[in-house]
There are 2 protein chains.
Amino acid sequence: MFRGIFHNSVDEKGRTSIPARFREQIRESHETPLVLTLGFDQCLFLYPMDAWKKIEEKLSSLDTLNAEVRQFQRTILKATDEVEMDQQGRIVISPVLRKEAGIGKAVVVVGMLHRIEIWDKEKYENYHAQTTQSLELLGQKLSDKGIQSLTL
Amino acid sequence: MFRGIFHNSVDEKGRTSIPARFREQIRESHETPLVLTLGFDQCLFLYPMDAWKKIEEKLSSLDTLNAEVRQFQRTILKATDEVEMDQQGRIVISPVLRKEAGIGKAVVVVGMLHRIEIWDKEKYENYHAQTTQSLELLGQKLSDKGIQSLTL
DNA sequence: CAAGTTTTCCCCACTTTTCCCCACTAGTTG
DNA sequence: CAACTAGTGGGGAAAAGTGGGGAAAACTTG
C-alpha cells in the first residue's frame, strides 16, 4: 500500500522521481513495468502492473460492438502508458500525458493505497482549495447516501 | 496486452513502423503473421494471428441464413489482410486499406489491449475532439446501462 | 517462352529520440 | 561534521524510426 505525500520536480526530459519509499515497495512486492494513466480530476494514476491488470480485464471484457464502450476504452487507453523506473528511480511522463494532466515543472506525488497519484502542483492546490469541506462533513454525506460505513 | 500511444509516419511505399515495444510482445508471445483489418470508426485494427483466430471463430459461428450476418461478415473480410513485419519492424498497409481508413502520411498507433489500432492522425484527432465526454460521464452512461462497474 | 516491366522486399544509411550512466547538491543521520 | 541517501541535471551511447537504392520475384506482353 502506498501512503504519504511528496513534492518533486519534472526535468527537461519529462522525468520525475518516484519517492524512495514507493520504489522499495514496488521492487519488493509488485510487478513491473508500471502503468501510468490519466485518472479522474486531471491527475495521473500510477499503478503497479498487477493492480493495473485487474482494471484491464474488465476493460477488455466489454462489448466492442457498442460505440460508447469503444469510446470509453479509447478515452482511457489513449492516455495510458507503460513506464519503467530508471536506476535512479525515475519515470518518464510522456508529452501526451503531461499535456492531459496539465503537468508543468512541479508535481505532488501522493500515495493512494493501491495506486500513486501524480498532480501538477498548482492543480493539486486548487483542488484542495476548492474542496474545503471538513472531513466530518464529507463522512456524514457518504454515510447519508448509504455508500459505506467506515470504522476509523 | 498492447498499451501506449505512438505517432508514426507512412512512407511512399505504404509502410509504417510497429512501435518497438509492440514488436517485442508479438515476437515473444504471439503468432504471426498479423492480421490487419478495417475496424470501427474508420481506423485499422491490427491483431496477432492467435487473437484474430478467436474473432474468426465467432464470425463463422454466426447464422449465415441471416442476410445481415452475411453482409457483416463480408464487410469485415473484404478489408482484411495478412501482413508480416519486415526486419525493421514495419508492415505494409495495402492501398485498399489506406483508402478505406483515410490514411495519409501521419498515423497514430494505439495499444488497445488485445489489438493495435492504426489511425490517420487527423481522423484520430477529430474522433477525440468530437467525443470529448469526460471519463466520469462515459463511465456513468455505461453504468446506467448496466454494462459493468469498473473500479479505478 | 523469353524479354521487358512492375512490384515486392531486403538491406544499408541517416536522423532523432530514448535511456543509461556519471556527477552534483541538499538535506538527514549517526 | 563526515557519511549517507534522496532528488536533480546533463552528456554520450544505443535504439527506434525513417527514407531510399537495388536485387529478386512476379506479372505482362510480344
Side-chain angles (χ1 to χ4, degrees), chain A residues 2-28 32-36 44 46 49 80-99 103-111 116-121 124, chain B residues 2-28 32-36 44 46 81-99 103-111 116-121 124:
Chain A
F2 304 106
R3 302 176 194 95
I5 178 172
F6 302 83
H7 291 258
N8 288 345
S9 65
V10 180
D11 68 20
E12 293 287 311
K13 298 179 181 179
R15 296 177 299 189
T16 193
S17 286
I18 302 303
R21 200 186 301 160
F22 295 168
R23 279 178 226 164
E24 289 162 23
Q25 283 174 253
I26 290 166
R27 290 195 175 119
E28 281 169 17
T32 50
L34 304 167
V35 174
L36 186 63
L44 299 177
L46 181 67
M49 187 54 84
T80 297
D81 227 349
E82 288 184 38
V83 293
E84 290 263 14
M85 287 190 286
D86 67 15
Q87 236 154 338
Q88 280 83 274
R90 289 176 293 194
I91 58 165
V92 178
I93 306 174
S94 73
V96 176
L97 285 177
R98 260 179 285 158
K99 187 176 156 244
I103 282 179
K105 266 200 68 66
V107 289
V108 180
V109 182
V110 193
I116 295 165
E117 289 187 358
I118 301 175
W119 292 74
D120 175 71
K121 183 166 180 276
Y124 182 80
Chain B
F2 303 106
R3 307 175 191 96
I5 177 172
F6 302 84
H7 292 256
N8 289 345
S9 64
V10 180
D11 67 19
E12 294 287 311
K13 300 178 181 178
R15 297 176 299 188
T16 193
S17 286
I18 302 303
R21 202 186 295 160
F22 295 168
R23 280 179 227 164
E24 289 164 22
Q25 283 174 251
I26 291 166
R27 292 195 175 120
E28 282 170 16
T32 50
L34 304 167
V35 175
L36 186 64
L44 300 177
L46 181 67
D81 249 351
E82 281 187 24
V83 292
E84 291 263 14
M85 287 191 285
D86 69 15
Q87 236 152 340
Q88 279 84 275
R90 290 177 291 195
I91 58 166
V92 177
I93 305 173
S94 72
V96 176
L97 285 177
R98 259 180 285 160
K99 188 177 157 244
I103 283 179
K105 265 201 67 66
V107 289
V108 179
V109 182
V110 195
I116 295 165
E117 290 188 354
I118 301 175
W119 293 74
D120 175 72
K121 185 167 180 274
Y124 181 80

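Everything numeric here is computed off the predicted structure, so don't read it as measured data. Proteins get letters first, then strands, A, B, ... in listed order; numbering begins at 1 in each.
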>> Can you tell me how far apart CE (B:Met85) and CZ (B:Arg15) are? Round to the nearest 0.5 Å.
In response: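 Result: 15.0 Å between the selected atoms.
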Length of the [atom1]-[atom2] vector between [X] and [N], whole Å:
X: A:Ile91; N: C:dC19; atom1: CD1; atom2: P; value: 12 Å
X: A:Ile18; N: D:dT8; atom1: CD1; atom2: P; value: 11 Å
X: B:Glu82; N: C:dT8; atom1: CD; atom2: C1'; value: 17 Å
X: A:Glu12; N: D:dG11; atom1: CD; atom2: C1'; value: 14 Å
X: B:Phe22; N: D:dA16; atom1: CZ; atom2: P; value: 14 Å
X: A:Phe6; N: C:dG27; atom1: CZ; atom2: P; value: 17 Å
X: B:Arg23; N: D:dT18; atom1: CZ; atom2: C1'; value: 11 Å

At under 4.0 Å, does any side-chain N or O of [X] touch on OP1 or OP2 of [N]?
X: B:Ser17; N: D:dA16; answer: no
X: A:Arg21; N: D:dA6; answer: no
X: B:Ser9; N: D:dT18; answer: yes

> Of all heavy-atom pairs between A:Val10 and A:Arg98, which one has the smallest distance, and what is that distance?
Replying inline: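 Looking at all heavy atoms of both residues, the closest pair is CG1-CD, 4.5 Å.
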> Which atom pair, heavy atoms only, marks the closest approach of B:Asp120 to B:Ala106?
Replying inline: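 For B:Asp120 versus B:Ala106, the nearest heavy atoms are OD1-O, 3.6 Å.
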> With a 4.5 Å heavy-atom cut-off, do B:Thr16 and B:Leu44 have their side chains touching?
Replying inline: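 Side-chain contact under 4.5 Å: no.
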> Can you name the ring pair (Phe, Tyr, Trp, His ring centres under 6.0 Å) partners of B:Phe6, sequence neighbours left out?
Replying inline: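 Testing B:Phe6 for ring pair (Phe, Tyr, Trp, His ring centres under 6.0 Å), a comparison that skips the adjacent residues, returns B:Phe22.
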>> As a quick check of understanding, evaluate side chain to side chain contact (heavy atoms under 4.5 Å, CB included) for A:Leu46 and A:Phe2, giving each step before the final call.
In response: CA-CA 11 Å; A:Leu46 181 67; A:Phe2 304 106; over 6 Å; no
>> Going by side chain to side chain donor-acceptor pair (under 3.5 Å), name the residues that satisfy it together with A:Glu82, two or more places apart in sequence or in a different chain.
In response: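 Applying side chain to side chain donor-acceptor pair (under 3.5 Å) to A:Glu82 gives B:Arg3.
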> Reckon B:Glu84 touches a base, only the sugar-phosphate, or nothing at all at heavy-atom distances under 4.0 Å?
Replying inline: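 The residue B:Glu84 makes no contact with any strand.
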I'd like a table of atom pairs between the protein and nucleotides 10-15 of chain C - only N or O on both sides, under 3.5 Å - with the distance next to each one.
from	atom 1	to	atom 2	distance (Å)
C:dC10	N4	B:Arg15	NH1	3.4
C:dC11	OP2	B:Gln87	OE1	2.6
C:dC11	N4	B:Gln88	NE2	2.6
C:dC11	N4	B:Arg90	NH2	3.1
C:dC12	N4	B:Gln88	NE2	3.0

